[in-house]
Amino acid sequence: QGKCLAYQAHLHRKETLTIIKGQGEWMLDGQRKPLCPGDTLEIPIGMSHAIRALTDLEFIEVQVGLLLDEADAQHSELQW
């Protein structure tokens with residue numbers, strides 16, 4: 001609860017996240033949306049994204065691409 005994943009984009013991979021437990025919100029390319037169990041987030045290559053947990057949040061993350069390394073992350077500032 002209260003933790004965030006950084007606002008970032010990846011140039012060499014896409015991500016799919018499935019929310020298992022908890023409530024939160026996510027930002028995709030500047031648009032904020034709520035999160036709840038059962039939601040699936042599709043994050044295309046190059047799209048800026050972040051997640052904030054409003055309660056304890058559990059999710060499964062699948063990464064697909066040519067470079068699956070944090071060196072691929074391009075961070076940006078985000079004000080929730």
Side-chain angles (χ1 to χ4, degrees):
Q1 180 176 351
K3 297 193 178 182
C4 300
L5 292 179
Y7 195 52
Q8 60 188 343
H10 305 285
L11 300 179
H12 301 285
R13 71 177 186 243
K14 65 180 181 176
E15 297 176 332
T16 301
L17 286 79
T18 302
I19 306 304
I20 304 300
K21 175 183 160 187
Q23 303 291 321
E25 57 185 353
W26 71 304
M27 183 85 64
L28 181 65
D29 204 28
Q31 296 200 14
R32 188 181 316 183
K33 300 177 182 182
L35 288 176
C36 62
D39 287 350
T40 299
L41 317 178
E42 298 287 341
I43 304 167
I45 292 173
M47 293 289 276
S48 295
H49 59 283
I51 295 177
R52 179 169 68 165
L54 300 176
T55 66
D56 287 348
L57 191 63
E58 293 181 16
F59 58 88
I60 298 170
E61 178 179 19
V62 177
Q63 302 174 353
V64 177
L66 298 175
L67 181 60
L68 304 179
D69 187 280
E70 282 306 306
D72 181 40
Q74 294 188 326
H75 296 272
S76 300
E77 290 297 317
L78 172 66
Q79 299 295 322
W80 287 100

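In this text, all values refer to a predicted model and were calculated from it rather than measured experimentally.
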Exercise. Kindly write out the residues that satisfy side-chain contact (heavy atoms from CB on, under 4.5 Å) with D39, not counting sequence neighbours, or none if the list is empty.
Key: I19, L35, C36

Practice problem: Answer yes or no: is there a side-chain heavy-atom contact under 4.5 Å between I51 and L17? | Solution: yes

Practice problem: With sequence neighbours excluded, tell me which residues meet salt bridge (charged side-chain N to carboxylate O under 4.0 Å, His left out) with E58. | Solution: K21

Quiz item: Is it the case that one hydrophobic cluster holds both W26 and L5, taking links as side-chain heavy atoms less than 4.5 Å apart, direct or via other members?
Solution: yes

Quiz item: Going from OH on Y7 to CG on L28, what distance comes out if it is rounded to the nearest 0.5 angstrom?
Solution: 7.5 Å

Quiz item: How would you list all residue pairs meeting ring-ring contact (aromatic ring centres under 6.0 Å, His included) that involve residues 51-70, not counting sequence neighbours?
Solution: none

Quiz item: Excluding sequence neighbours, so at least two apart, what forms salt bridge (charged side-chain N to carboxylate O under 4.0 Å, His left out) with K14?
Solution: none

Quiz prompt | Enclosure of Q31 CD (heavy-atom neighbours >12, cutoff 6.0 Å) | solution = no

Quiz item: How far does CG of L54 sit from NZ of K3, to the nearest 0.5 angstrom?
Solution: 14.5 Å

Quiz item: Under 3.5 Å, is there a donor-acceptor pair between the Q1 and T55 side chains?
Solution: no

Exercise. Start with the C-alpha distance between L41 and T16, add both sets of side-chain angles, then the distance that settles side-chain contact (heavy atoms from CB on, under 4.5 Å), and finish with yes or no.
Key: CA-CA 6 Å; L41 317 178; T16 301; over 6 Å; no

Quiz item: Quick one: are Q74 and L11 in side-chain contact, heavy atoms under 4.5 Å?
Solution: yes

Exercise. Quick one: list whatever passes side chain to side chain donor-acceptor pair (under 3.5 Å) with E15, sequence neighbours left out.
Key: H10, R13, H49

Self-check item: Partners meeting side chain to side chain donor-acceptor pair (under 3.5 Å) with T18 (sequence neighbours left out)
Solution: none

Quiz prompt | Heavy-atom side-chain proximity of P37 to Q23 below 4.5 angstrom | solution = yes

